[in-house]
Amino acid sequence: MSRRVFRGQKKAEIFQEFTIKEDSVGFQVNLTVLLDCLNIFGGSTAPGVSTALRMCYKGYGHPLTLFLEEGGVVTVCKINTQEPEEPVDFDFCSTNVTNKVILQSESLKEAFSELDMTSEVLQITMSPSQPYFRLSTFGNSGNAHYDYPKDSDMMELFRCTKTQTNRYKMSLLKPSTKALALSCKVSVRTDSRGFLSLQYLVRNDDGQICFVEYFCCPDEDVEEE
Amino acid sequence: MAIKSVQAVFRSLATLEKTVEKCHIELDEQKNRLTFTLHCKHGLMKTHNLSFQDSESLQAVFDKDSYGNAFRSHPRLLVDTVVHFPPSLDEVTVSVSDDRMWFRNHVEEEADQSKAMLTELCLASDEFDHFAVQVHNSITFCLKELRGLLVFAESTGLPISMYFDEPGSPVVLSVTDSVLEGNFVLATLSDDPNHRKNNTRRARTPPPPPDDFMNDDIDSYLIAMDTSIAPGPSATGPPTPPLADSICSKQAAAANHRTRLHSEEEEEDDETVDSSRPPNKKFCSLFFGSVFPPSSQMTTQPVTSQEVLASDSEDDVE
């Protein structure tokens, strides 16, 4: 069964104020509802106008309260919380990583925008020898390969120990392109099982750095080389 | 080969111009594969292996130099002319006199003449770089194809030449430079003496009996086509420019494609699907290759932009 996990990590420093009274707090809210509330003043802001957000959670059983302010207008949203589900844990740990590259997002953005969408899978080959780092698609009209040599100036880090070829369902990877579009660097790692970790480094307007991480398990039908 | 698969290789022109340094095209006949390798900046290499099928392709038989009427202008002139027709219009009628060319929308004879909107534009001969009329003919052909090829012609920046003879004979539009010769061959409606007297504005004249027109048989049409029997979208519209340079060198000369043109006569047998209008997508032929321009070819000259004048006159066509 193929799955993906997406994790956005925001460190405390990104927040102007961050207070938590317990070690960890967990709850679940409907993502669409959350996004609608965050966008309650409209999608894009005019230059010079910013929306302020304050999130409060009183504890188990209470709603998540959002205070949004823009131009003197305050909106309060209370979103009902749900029991948090066990997040899927792919058990991807850094010690198990066989291959890792860090690329500047620019070139990857271009490749992803051109990917043959008639291909069901995206195949990623990482190897200490040729072709080093290759993205492949197998579509209706033929196959395509995007090769990034290890000495390319787009390649910031190249650490591949073993030749690995893994296929991932295109439908699972597609959502990650949004993070790719915002990012300036991306790290691609695979572990011994062929699980993929994509980490996107996103720099926001204030210069704050945050990471968005995607995990994807390989398509079962293909065996690793 | 499906055009879409090749288009996918060259999808983003902006990206291509910025990042691609070299494009290598290789045909592997044993594996039935055409490989495009784009060598890009930063060492990135994109390889596209496209499959193709062998197909019978019919060659058009035409000799544009023998056509009585020949014109040349910057594509902009024609682009500015056809823009006035509604996008849904299928066919256009082009008529010429000694010093003028008219573009009119073609209205089906069955259509209610009183409700049809007729559009007419007139170009004077001095708007063209070359304007030579031997016979005052009027031809009707597919506007959609014309629009498509004009987009290509404009992108090359080259002057476009137009050759035609009597109705039924194909109209050939051609762009040429030192590395590329493109001939777009479109079928035209054949002449039916009963109603095609160069006057499509006879609103009051009773339409001719439908039989004469509907029963046109295949022999009435000289169809110029390239009908590949491979499935998928038919070969319509021009391939993107990089395809034309099968050898990336301005000096190289590939096989002279013109020799393929004077071949079989069997084209005449090909069927038309709908006899009431010129066959559109199926019957459009494109020839590209690196050739030496034949001496009879008009030389390209620098062109200035042309203005299109729409005629509001009530002059009858001669």
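The chains referred to below are lettered A, B, ... by the order of the sequence lines, with proteins before strands, and numbering in each begins at 1.
With a 6.0 Å radius and a threshold of 12 heavy atoms from other residues, nucleotides or ligands, B/Glu29 has its CD atom at or below the threshold. Within 6.0 Å of the CD atom in A/Gln28, the count of heavy atoms belonging to other residues, nucleotides or ligands exceeds 12.
With values rounded to the nearest 0.5 angstrom, B/His42 atom NE2 is found 5.5 Å from A/Glu106 atom CD. For the atom pair CD1 (B/Ile3) and OG (A/Ser141), the distance works out to 12.5 Å, reported to the nearest 0.5 Å. With rounding to the nearest 0.5 Å, the separation of NE2 in B/His48 from OH in A/Tyr146 is 4.0 Å.
When heavy atoms are compared at a cutoff of 4.5 Å, A/Ser113 approaches chain B solely by way of its backbone atoms N, CA, C and O. At a 4.5 Å heavy-atom cutoff, the contact between B/Thr19 and chain A is made by side-chain atoms alone. Residue contact with chain B, scored on non-hydrogen atoms closer than 4.5 Å, involves the backbone of A/Leu115 exclusively. When heavy atoms are compared at a cutoff of 4.5 Å, A/Glu114 approaches chain B by way of both its backbone and its side chain.
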Pairs under 3.5 angstrom only: tabulate donor-acceptor contacts from the side chains of residues 180-190 of chain A to other protein residues two or more places apart or in another chain.
from: A/Ser183; atom 1: OG; to: A/Ser105; atom 2: OG; distance (Å): 2.8
from: A/Ser183; atom 1: OG; to: A/Leu180; atom 2: O; distance (Å): 2.8
from: A/Lys185; atom 1: NZ; to: A/Glu156; atom 2: OE1; distance (Å): 3.0
from: A/Ser187; atom 1: OG; to: A/Gln199; atom 2: OE1; distance (Å): 3.2
from: A/Arg189; atom 1: NE; to: A/Ser197; atom 2: OG; distance (Å): 3.4
from: A/Arg189; atom 1: NH2; to: A/Ser197; atom 2: OG; distance (Å): 3.2
from: A/Arg189; atom 1: NH2; to: A/Glu213; atom 2: OE2; distance (Å): 3.3
from: A/Thr190; atom 1: OG1; to: A/Gln164; atom 2: OE1; distance (Å): 2.6

Would you check, one step at a time, whether the test salt bridge (charged side-chain N to carboxylate O under 4.0 Å, His left out) holds for A/Glu110 with B/Lys18?
-> CA-CA 11 Å; A/Glu110 188 191 305; B/Lys18 268 195 305 187; over 6 Å; no
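Interface remark: of the candidates B/Thr37, B/Leu50, B/Thr47, B/Leu38, B/Thr47 forms the most heavy-atom pairs closer than 4.5 Å to chain A.
Residues satisfying the side-chain contact (heavy atoms from CB on, under 4.5 Å) test with A/Asn96, not counting sequence neighbours, are A/Cys93, A/Asp191, A/Ser192.
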